[in-house]
Amino acid sequence: MLERKITHLTVRDVRFPTSLEQHGSDAMHTDPDYSVAYVVLETDSDAALKGYGLTFTVGRGTEIVVCAVKALSTLVVGKTLKEIISDFRGFYRLLSSDGQMRWVGPEKGVIQLATAAILNAVWDLWARVEGKPLWKLLVDMVNILVKAKKGQKSREEQMLKEGYPAYTTSCAWLGYTDQQLTKLCSEALAQGWNKFKVKVGADLQDDIRRCSLIRKLIGPNNTLMIDANQRWDVNEAITWVTKLAEFHPLWIEEPTCPDDVLGHASISKALAPLGIGVATGEQCHNRVMFKQFLQASALQFVQIDSCRVGSVNENLAIILMAAKFNVPVCPHAGGVGLCELVQHLILFDYVSVSASLNNRMCEYVDHLHEHFKSPTIIRNAHYIPPKDPGYSCEMLEESVQKHQYPQGEVWRAIEQQGKQ
C-alpha cells in the first residue's frame, strides 16, 4: 500500500458559527467562529484509501489558508507514500521551504498552517495504511529505531486502561456570564474534573471577580490556570498576574506577544517567587521558537499545537527538546479537531519520551467533537487512547457540507437571517 500514489488533493473552508454563543471567546478573540481548512488526499488504491488532515483557524482568513494549501498541492500530488516517508525530512523541507513561496512565510504564518494541514493528512494516510492509530505508529517507529525506554509497555497499558489526564477550558470563556460559569463548573466537578482554566486579560476587576468565583466553586485543592491570550505587555503582565496570585494559579498562559522570548523570560523570573509558571506555545510558529524559549528559561510549560507548527514532524522535535530541558509538555487543544489530533502526540510523549505525568495534562474543550468520525473520548477527566487507524482527522461528510463556507446550509441560513 505504500506504493500507492496520491492522485488528488481537495481542500475546503469549513466554519462553525461559535461566535453566536460566545464559545471560544477570550481577551483577543471576542467573536471566533471555529474553523478548519480541511484537506483530503485521494490515492489510486482500489480500496479508496484516503488521508484526512486539517489546520485550525477562527473564521475570517480561512480562505487564505485554503489558497496556500492549493498552492502547495502540486508538491504532493503524484508522489507515493513510500517516496514521502522514505525521506520525510526532505518532504517537510520541500513544503515549508519552497524557493518562491517561502518568501511569504518561511516556516511561519499562513504557509506553515497550510503545511500542517497537508502533513497531517499524510500522517493520517500512513497510519491508515499501517492499520494503527497515529500514537501507536509513533511508538512502534521509535522501538524500531532505538531501544524501548524502560517501562514503556506498562505505560502503554496504563494509558489504555486509565487514559491521559486532561483539564477543561469549557467552563470559563471570557464572554460567559457568571450564571454560565457557575453552572458549567458545577457540572464539570460532578463529572470528575479537577483542573480548570479561566480566560483573563480584558479587565482586572472583572478577572478578580471571576477568578474568585471559580476558585470558590472548585475549592482550594483543585488546579486553576489562567490564560491572557497575548493581551499584555511585559510589565503589565507581571503587575496583573501578581494581583491574581491570591487565587493560586498554576500558570499564566500567553501573557504577552508570543514572539517575545526575552519578555516571557522576564515574566517567568518575576512570577517564580509567587509559584506561578508561564505556559506558552500555541502561537509559536516553528521549532526554532521553542528552542529559544527553552534556552532562555522563558516558559515552565510547553504548549505544543497540532496545527500551528509543521505537523507531527516539528512537534516530535519540540517534544524531544522539552524532554532535554526537563520542561513538561501540556498541549494546547480545543477549537475544531485539535483535541482529536493532539491526544496522539501527548500519548506518544508519555509512553516513549517523558515517562512522567508530573505537572502534565492536556487541554480539553467540549465543542464540535460530534462532527468527527472518531471523536475524542473523555472518561473521568482523562483522554482515552484512540483505537481507530489514522490521526483522527476525518470529519463527517454531512457536517463538512453543511458548514462549508459560504455555500453550506448553515451559512446560507445565517445570511438569510441577516437580511430579515
Side-chain angles (χ1 to χ4, degrees), residues 26-29 105-109 112 167 169 195 197-201 207 223-245 247-310 314-333 338 342 345-346 349 353-354 356 358-363:
D26 60 50
M28 298 295 280
H29 311 93
E107 299 190 39
K108 62 184 177 183
Q112 190 77 327
Y167 72 88
T169 306
K195 302 177 182 69
K197 189 165 77 179
V198 183
K199 295 292 183 175
V200 299
D207 287 348
T223 304
L224 179 70
M225 291 82 72
I226 55 177
D227 183 0
N229 290 96
Q230 316 148 42
R231 177 74 179 207
W232 306 312
D233 63 27
V234 173
N235 291 331
E236 186 181 21
I238 295 169
T239 301
W240 201 300
V241 176
T242 298
K243 292 180 179 178
L244 298 177
F247 306 110
H248 306 291
L250 175 66
W251 74 51
I252 171 61
E253 184 172 330
E254 289 200 307
T256 193
C257 172
D259 296 340
D260 190 354
V261 177
L262 297 182
H264 278 81
S266 296
I267 295 168
S268 294
K269 184 177 180 179
L271 296 181
L274 301 175
I276 303 172
V278 169
T280 196
E282 70 176 86
Q283 293 277 353
C284 288
H285 38 254
N286 57 48
R287 65 203 178 281
V288 177
M289 290 292 299
F290 280 97
K291 175 177 72 76
Q292 293 173 345
F293 271 99
L294 289 163
Q295 288 175 325
S297 299
L299 79 177
Q300 288 68 56
F301 301 91
V302 168
Q303 293 185 305
I304 60 172
D305 182 281
S306 55
C307 295
R308 173 62 60 178
V309 299
E314 270 204 305
N315 272 313
L316 294 180
I318 295 163
I319 286 170
L320 292 172
M321 285 191 290
K324 176 179 173 60
F325 284 88
N326 197 30
V327 177
V329 175
C330 298
H332 168 251
L338 297 183
V342 84
L345 303 178
I346 200 61
D349 175 51
V353 183
S354 72
S356 172
N358 184 40
N359 263 349
R360 296 169 187 269
M361 64 197 89
C362 186
E363 184 171 21

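Because the structure is predicted, anything quoted here is derived from the model rather than measured.
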Taking all heavy atoms of [X] and all of [Y], pick out the closest pair and write down the distance.
X	Y	result
Ile267	Pro255	CD1-CG, 3.8 Å
Met321	Arg287	CE-O, 3.4 Å
Cys284	Pro258	SG-O, 4.2 Å
Ala298	Ser268	O-OG, 3.0 Å
Ala270	Pro273	O-CD, 3.3 Å

Going by heavy atoms in the side chains, are [X] and [Y] under 4.5 Å from each other?
X	Y	value
Leu244	Ile226	yes
Leu338	Asp305	yes
Glu253	Phe301	no
Thr256	Gln230	no
Met361	Met225	yes

Point to revise | Under 3.5 Å: donor-acceptor pair, side chain of Glu314, backbone of Asn286 | key: no

**Study point:** Exam field: side chain Asp227 to backbone Lys199, donor-acceptor pair closer than 3.5 Å
**Key:** no

Practice item. Run the salt-bridge test on Arg360 and Asp349 with the 4.0 Å N-O cut-off and return the result as yes or no. Key: yes

Practice item. Give the C-alpha distance, both sets of side-chain angles, the deciding distance and a yes or no for salt bridge (Lys or Arg N to Asp or Glu O under 4.0 Å) between Glu254 and Arg231. Key: CA-CA 8 Å; Glu254 289 200 307; Arg231 177 74 179 207; over 6 Å; no

Point to revise | Within 6.0 angstrom of Lys195 NZ, more than 12 heavy atoms from elsewhere | key: yes

Exercise for review: Would you please classify the geometry between the His264 ring and the Phe293 ring as parallel, tilted or perpendicular, with 30° and 60° separating the classes?
Suggested key: perpendicular

Check your understanding: Between Thr169 and Glu363, is any side-chain donor less than 3.5 angstrom from a side-chain acceptor?
Key -> yes

Check your understanding: Can Arg308 and Gln112 be counted as having a side-chain donor-acceptor contact under 3.5 angstrom?
Key -> no

